[in-house]
Amino acid sequence: MKKIITAFCFLVSVSVFSQMELYFGRKPFIGAEIIMENGDIKTGFLQDFHTPRFVETDMGFLGGIEKKLKFETKEFKFKEEKTSAVEIIKIEDLKRIVILNTDGSEKLVYDKMKLKTINSQNEVVDVEKTVVLPLEQEGKINLYGISVSFFQNNKYVSSLYLPYVRKPDDEYGYILIDINRLNFFNLGKIDDKLEKALYEVTKDCHAFSDTLHARIKALEKEAKESRGEAVKMKNKVRKEIKDRGEENFAAMKIDHDYATKPFEILLGEYSAKCPK
C-alpha cells in the first residue's frame with residue numbers, strides 16, 4: 001500500500017494542478033430524507049448542500065480535507081417544500097442523510113460519525129471531528145470514501161481514494177489512509193496504520209483479525225492488479241469518447257470503482273467469516 005501512496009506523492013510533486021473544484025457539488029435545493037437520532041424522518045429539501053464524492057484539487061488542499069470538503073458542516077438548511085421556511089438541523093441531531101433522485105428513489109447516502117485515526121506510534125487517536133461521509137458499501141462494516149482527483153491542462157490524470165470504515169451502530173469510524181498526517185518521513189508506516197485501523201474495527205472476530213497481517217500484504221497485490229485493470233478500461237474509454245468532459249468523468253469513475261474494489265472484497269471476507 002505504501003507503494004501506492006509513494007507513487008501518488010511523486011506524481012503530485014512534479015505536476016501543477018488546477019484550483020479546487022467540486023463534482024456533484026453545491027446545488028440550491030436537493031431532495032433529501034433525513035433520519036434523525038430520535039428516529040424521526042424528515043422528507044423535503046436540503047438547501048446549499050455540498051455533496052463532493054469526486055473532488056478536483058491542488059496540492060495545497062491536502063490537509064484538513066474533511067473540513068475543507070464541508071463534511072464537518074455543523075448545521076444543515078432543511079425545507080419541507082422549496083417555498084417553506086428554512087429549518088436548521090444540527091449535525092448532532094441527525095443520523096443519516098439520504099439524497100433522493102427526482103422520482104424519490106435513493107441516490108446517495110451520507111452517515112454521521114466521529115472519527116479516529118492511527119498516529120505514527122501506532123496508537124488510536126480521536127481526531128475530535130464529527131462528519132457526514134458518503135456511503136460506498138453497506139454491510140457488517142460499512143465502507144465510506146472520497147476520490148480526490150488531479151488534472152493537468154484540463155485533462156484528468158490520476159486520483160487518490162480515501163477510505164473510511166465503521167460498523168453501522170458504532171459512534172466512531174476509522175480513517176484508513178489519513179493524508180492529514182501523511183508526509184515523506186512516515187510513508188513507511190502506512191501499511192502499519194492501515195492494518196491497525198482495520199484491526200480495531202474487526203477485532204471482535206478472531207477468525208478475521210488473526211489473519212489480518214497476511215491479508216494486508218495481499219491487499220497491496222490486489223490493489224496493483226486493480227490499477228492495471230483500470231488503466232486498460234481508461235485507455236478504451238479515451239479511444240471511444242471524444243468529448244473531453246465526458247472522457248474525464250468516465251476515467252474518474254473507472255479509477256474510483258477499481259480503487260474501492262479491494263476494500264469491498266476485504267470487508268466482504270469479514271462478513272463471510274464473521275456472520276454473527
Side-chain angles (χ1 to χ4, degrees), residues 22 24-27 29-53 55 64-82 84-117 124-147 162-176 178 197-198 200-204 260 263-264 267-268 270-271 274 276:
L22 300 183
F24 305 144
R26 174 185 281 187
K27 297 179 181 178
F29 296 97
I30 297 177
E33 181 179 86
I34 301 178
I35 301 171
M36 308 295 288
E37 285 286 2
N38 64 8
D40 289 349
I41 298 176
K42 297 177 180 286
T43 303
F45 298 89
L46 284 171
Q47 182 176 337
D48 298 333
F49 180 64
H50 295 261
T51 59
R53 294 185 71 202
V55 185
I65 191 166
E66 293 89 5
K67 183 175 183 178
K68 291 177 180 178
L69 292 182
K70 310 299 182 183
F71 289 120
E72 286 189 70
T73 298
K74 303 302 182 186
E75 296 180 340
F76 299 87
K77 297 177 182 178
F78 174 79
K79 292 186 174 188
E80 289 189 357
E81 303 289 343
K82 290 182 181 179
S84 302
V86 171
E87 176 187 352
I88 300 298
I89 297 178
K90 294 183 178 180
I91 192 170
E92 57 262 31
D93 295 328
L94 64 84
K95 184 175 183 179
R96 168 172 282 194
I97 296 173
V98 181
I99 303 302
L100 303 174
N101 289 305
T102 53
D103 63 0
S105 59
E106 182 180 295
K107 182 179 181 181
L108 296 171
V109 174
Y110 293 78
D111 283 337
K112 181 189 73 175
M113 69 194 75
K114 295 179 181 179
L115 290 177
K116 290 182 179 180
T117 191
V124 177
V125 177
D126 185 342
V127 298
E128 300 182 353
K129 293 180 181 181
T130 301
V131 297
V132 288
L133 291 176
L135 177 67
E136 296 277 9
Q137 176 178 273
E138 196 161 18
K140 291 200 67 179
I141 296 176
N142 291 345
L143 175 66
Y144 304 84
I146 312 163
S147 286
L162 304 177
Y164 305 75
V165 291
R166 181 184 72 113
K167 288 189 173 178
D169 296 326
D170 283 0
E171 181 180 14
Y172 282 88
Y174 284 83
I175 306 171
L176 295 188
D178 192 352
L198 284 169
E200 289 298 321
V201 80
T202 64
K203 62 185 178 182
D204 63 325
T260 61
F263 295 103
E264 291 172 347
L267 297 181
Y270 170 84
S271 297
C274 314
K276 294 182 180 181

How about [X] and [Y]: do any of their side-chain heavy atoms sit closer than 4.5 Å?
X	Y	result
Tyr270	Val201	no
Gln137	Leu267	yes
Lys77	Ile88	yes
Lys107	Ile30	no

Which atom of Pro168 lies closest to which atom of Gly139, heavy atoms considered | CG-O, 3.3 Å
Over all atoms of both residues, closest heavy-atom pair of Asp126 and Lys116 = CA-CG, 4.1 Å
Would you check if the side chain of Thr202 reaches a backbone N or O of Leu198 as a donor-acceptor pair within less than 3.5 Å?
-> yes
Would you give the length of the straight line joining atom [atom1] of [X] to atom [atom2] of [Y], rounded to the nearest 0.5 angstrom?
X	Y	atom1	atom2	value
Ser147	Glu136	OG	CD	7.0 Å
Asp93	Glu75	CG	CD	10.0 Å
Ile97	Ile89	CD1	CD1	8.0 Å
Asp178	Thr117	CG	OG1	3.5 Å
Leu176	Leu143	CG	CG	8.0 Å
Glu200	Lys167	CD	NZ	11.0 Å

Heavy atoms from other residues, nucleotides or ligands near [atom1] of [X] exceed 12 (cutoff 6.0 Å):
X	atom1	result
Glu92	CD	yes
Lys140	NZ	yes
Lys74	NZ	yes

Do Phe76 and Tyr110 have ring centroids that are under 6.0 Å from one another?
-> no
Criterion side chain to side chain donor-acceptor pair (under 3.5 Å) against Arg166, the qualifying member of Tyr172, Tyr174, Tyr144 = Tyr144
Pair up each side-chain donor or acceptor in residues 34-45 with any protein partner under 3.5 Å, not counting sequence neighbours, and list the distances.
residue, atom, partner, partner atom, Å
Glu37, OE2, Lys112, NZ, 2.8
Asn38, OD1, Asp40, N, 2.9
Asn38, ND2, Asp40, OD2, 3.3
Lys42, NZ, Glu87, OE2, 3.1

Any residue meeting salt bridge (charged side-chain N to carboxylate O under 4.0 Å, His left out) with Lys82, in chain and number order, not counting sequence neighbours | none
By salt bridge (charged side-chain N to carboxylate O under 4.0 Å, His left out) - contacts of Asp169 (at least two apart) = none
So does Arg96 pair up with Glu106, basic N to acidic O under 4.0 Å?
-> no
Test side-chain contact (heavy atoms from CB on, under 4.5 Å), reference Asn142, set Val165, Leu133, Asp170, Asp111, output is Asp111
